[in-house]
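Below, chain A is the first sequence line, B the second, and so on; all start at residue 1. What's counted below: heavy atoms across the whole structure, side chains too, no hydrogens, waters or symmetry copies.
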There are 4 protein chains.
Amino acid sequence: MTHSKSVRRSPGKRERLAAAAAQVLHEQGVEQTTLADIARAADVPVGNVYYYFKTKNELVEAAIDAHAQNLRAVIGALDALPTPQDRLKALLNGWIEQRELTAQYGCPTGTLASELDKRADGLDQAIAKVIQVLIDWAEQQFQAMGRDDSRELAIALIAAYQGVSLLTNTFRAPDLMTAEGRRLERWIDSLT
Amino acid sequence: MTHSKSVRRSPGKRERLAAAAAQVLHEQGVEQTTLADIARAADVPVGNVYYYFKTKNELVEAAIDAHAQNLRAVIGALDALPTPQDRLKALLNGWIEQRELTAQYGCPTGTLASELDKRADGLDQAIAKVIQVLIDWAEQQFQAMGRDDSRELAIALIAAYQGVSLLTNTFRAPDLMTAEGRRLERWIDSLT
Amino acid sequence: MTHSKSVRRSPGKRERLAAAAAQVLHEQGVEQTTLADIARAADVPVGNVYYYFKTKNELVEAAIDAHAQNLRAVIGALDALPTPQDRLKALLNGWIEQRELTAQYGCPTGTLASELDKRADGLDQAIAKVIQVLIDWAEQQFQAMGRDDSRELAIALIAAYQGVSLLTNTFRAPDLMTAEGRRLERWIDSLT
Amino acid sequence: MTHSKSVRRSPGKRERLAAAAAQVLHEQGVEQTTLADIARAADVPVGNVYYYFKTKNELVEAAIDAHAQNLRAVIGALDALPTPQDRLKALLNGWIEQRELTAQYGCPTGTLASELDKRADGLDQAIAKVIQVLIDWAEQQFQAMGRDDSRELAIALIAAYQGVSLLTNTFRAPDLMTAEGRRLERWIDSLT
DNA sequence: TATGAATGAGGGTTCATTCAT
DNA sequence: TATGAATGAACCCTCATTCAT
């Protein structure tokens with residue numbers, strides 16, 4: 001049992017910064033985003049940011065964590081559904097529902113992965129892990145469907161999502177996501 | 001004997017810069033790349049770069065043009081093949097052959113599209129056009145195969161490539177590209 | 001007893017920069033003056049200047065404001081004198097007293113007006129307003145003297161000053177200012 | 001067919017450059033004007049400028065000479081008039097006729113004097129000489145009118161012109177020049 | 001003479017990070 | 001803890017001047 005968790009630091013300020021970072025980094029990109037941008041979005045004085053995060057990289061890391069946490073929540077909700085097909089299709093529906101955001105800024109984890117790859121820090125590993133979690137989960141679903149090529153199918157599914165996210169974003173065309181989502185749905189049905 | 005077209009302008013210096021830009025921007029990303037980086041890669045003094053390109057953005061544009069030109073060449077070569085299936089599979093093979101480069105730096109056009117989207121310049125439109133050319137070409141192939149859902153299939157194919165490029169890059173796993181390429185090959189065969 | 005307004009911000013640093021700008025810009029001219037010049041004159045690190053002024057133009061603007069403020073102070077002092085003739089003559093004496101500075105660098109507002117006119121920013125309007133204030137004040141004095149051509153006389157007076165400032169500066173001849181000042185004094189006496 | 005006067009250098013190219021320099025420097029100011037600007041205005045390739053003028057300063061000098069030459073021509077024309085009053089009034093009329101140009105760019109020699117004063121080169125002396133010529137000429141006219149304060153009057157006249165030019169330019173108000181010109185005319189009449 | 005191209009020094013500006021309180 | 005202010009390295013870009021032909 002954890003006792004109380006000594007709270008001297010303003011409650012949630014760190015979380016507010018992480019959430020702001022996740023959002024602003026998604027919208028503007030890592031390089032285009034200033035610490036001041038994030039601080040402003042979180043309504044925290046610039047100088048104070050460094051009390052919670054020693055470097056900009058740590059803030060990016062926190063944003064990745066936020067994405068990971070969000071992914072876990074999504075997966076948790078999906079797991080409540082009865083069949084793997086239901087779960088996968090619900091995932092697709094979630095993607096489709098986010099199509100407007102995706103058209104504007106791309107997939108949050110995908111664009112982050114793309115950006116962080118060009119940097120020397122170890123942050124690319126962190127974001128890779130997040131995507132890995134999603135792939136692993138998808139693999140489990142396909143396995144539950146009795147497929148022995150579950151890994152390959154999982155890769156194909158996530159790749160399809162990442163790819164169409166990029167196209168949706170590039171052409172600012174949310175309908176691309178809808179169409180591809182529907183196509184993937186039919187594809188899943190065809191696998192049983 | 002080559003005819004004596006007096007070459008005052010150092011021959012191809014502009015092209016050398018554009019090519020260097022295309023490469024370095026791919027490897028390092030747009031924001032991480034300095035003009036000095038490009039200048040060095042092209043072995044051109046920094047100040048001289050501005051004789052050929054008035055801004056950094058123009059250099060990025062030139063890099064995009066270089067990618068477009070390269071794409072046209074690739075497509076031109078593919079068009080020499082007899083059947084649309086042959087042409088599409090040859091495209092897949094090209095992607096697979098480039099898997100090491102993709103694992104290191106991602107798809108040149110895809111990462112560029114992702115990055116440029118976060119910027120205010122009109123460069124995102126330029127890279128969008130390049131990708132559009134590829135989609136259009138793929139659409140023609142599926143059409144030649146007698147499919148009336150050729151557009152959707154084209155999107156699916158290019159999205160699959162972009163997506164698996166991102167994963168290949170994120171996990172530094174060239175094999176992902178190989179596996180997905182093979183899968184797409186079977187998929188194409190199944191469409192006839 | 002001074003109230004204890006806690007001074008975190010280095011007191012008057014912004015003002016120090018503005019004052020330094022006013023002086024250095026006057027001495028060297030706007031284009032010839034580097035931000036580093038102003039920073040050095042104010043004993044402020046270059047990078048820190050941007051904490052107070054986002055662009056060089058803003059610094060120029062601050063310098064103009066400083067001139068405006070100074071002008072208001074001068075006018076305020078003059079207004080304490082009994083008759084308009086006294087006030088105008090006191091103005092002339094002020095010009096004469098500054099003759100050495102004028103010989104070296106010209107009239108602060110005049111040279112600034114001349115320079116800023118050749119630029120695309122709206123700064124020319126700002127300096128115009130400063131000069132307008134002086135003209136308006138002079139007009140009031142002539143009006144108080146009962147002249148119905150007060151506006152024309154005001155223009156003539158300020159023009160005479162600006163013109164002789166330019167000659168004083170061009171020929172590095174402070175005596176020109178003295179002589180013209182005396183002449184203008186007689187002219188004012190002749191107007192009653 | 002005239003041979004004479006060995007013409008190897010393109011005839012008048014140097015003059016064209018000097019004239020272009022005079023105009024562009026007046027319009028844009030010395031610091032804001034690049035060599036390329038002048039070269040373009042004279043329709044001469046940039047590299048070729050240096051065959052005629054070794055430095056930018058020499059071009060400025062040439063522009064000053066052009067102004068000097070122009071002034072001599074003006075004075076020459078004025079000297080044809082019968083009385084000194086006529087001559088001085090004709091000078092005033094010339095100023096009034098140029099009021100639109102003055103409103104846009106100020107007095108060509110005055111603005112140049114103002115700018116060159118802030119520079120370390122000896123060019124300020126050159127422009128000072130030009131203005132001196134005008135003052136000397138005016139002095140002669142007042143002398144011919146029998147005034148023993150001719151020098152002071154000359155200074156007053158030229159100062160009035162320079163000053164009102166600055167105001168005309170600052171306020172973009174050509175009418176200021178007209179009004180002050182008329183006033184000076186009455187003043188001259190009053191001196192006899 | 002003529003000319004496109006080359007060169008390098010310097011200027012304005014941004015921003016992650018640190019400091020002092 | 002909290003915060004405004006400070007710092008300096010680096011970047012993009014301009015331009016007078018020089019070079020090579």
Item checked: Presence of salt bridge, A/Lys118 and B/Glu31, under 4.0 angstrom ->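 Salt bridge: no.
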
Next item on the list: Could you check which nucleotide pairs with F/dA10 in any of the strands shown, counting Watson-Crick or G-U wobble with both distances under 3.5 Å?
Entry: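 Base-paired to E/dT13.
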
Checklist line | For E/dA20, the Watson-Crick or wobble counterpart (both distances under 3.5 Å) | finding: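 F/dT3 is the nucleotide pairing with E/dA20.
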
Item checked: Shortest non-hydrogen separation from A/Leu17 to A/Ala42 and the atoms involved ->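 Closest approach of A/Leu17 to A/Ala42: CD2-CB, 3.7 Å.
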
Between [atom2] on [N] and [atom1] on [X], what's the gap in Å once rounded to a whole number?
X: A/Asp37; N: E/dT14; atom1: CG; atom2: C1'; answer: 12 Å
X: C/Leu25; N: E/dG12; atom1: CG; atom2: C1'; answer: 14 Å
X: C/Asp43; N: F/dA6; atom1: CG; atom2: P; answer: 12 Å
X: B/Arg14; N: E/dG4; atom1: CZ; atom2: P; answer: 17 Å

Check: Atom CD1 in A/Ile64, atom NZ in A/Lys129: separation rounded to 0.5 Å?
Finding: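 Answer for the CD1-NZ pair, A/Ile64 versus A/Lys129, is 10.5 Å.
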
Notebook entry, point to check: CD1 of A/Ile38 to CD of A/Gln23: how many Å apart, nearest 0.5 Å?
Noted result: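 The CD1 atom of A/Ile38 sits 11.0 Å away from the CD atom of A/Gln23.
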
Checklist line | For B/Asp37, the option from B/Leu25, B/Val24, B/Val46 that meets side-chain contact (heavy atoms from CB on, under 4.5 Å) | finding: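 Looking at B/Leu25, B/Val24, B/Val46, the match for B/Asp37 under the side-chain contact (heavy atoms from CB on, under 4.5 Å) is B/Val24.
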
Next item on the list: Scan nucleotides 7-14 of chain F nucleotide by nucleotide, 5' to 3', and note B when protein non-hydrogen atoms come under 4.0 Å of the base, S if they reach only the sugar-phosphate, - if neither.
Entry: BB--SSBB

Item checked: Residues in salt bridge (Lys or Arg N to Asp or Glu O under 4.0 Å) contact with A/Asp65, at least two apart in sequence or another chain ->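 Here no residue qualifies.
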
Item checked: F/dA2 phosphate, OP1 or OP2, under 4.0 Å from A/Tyr52 side-chain N/O ->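 Result: yes.
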
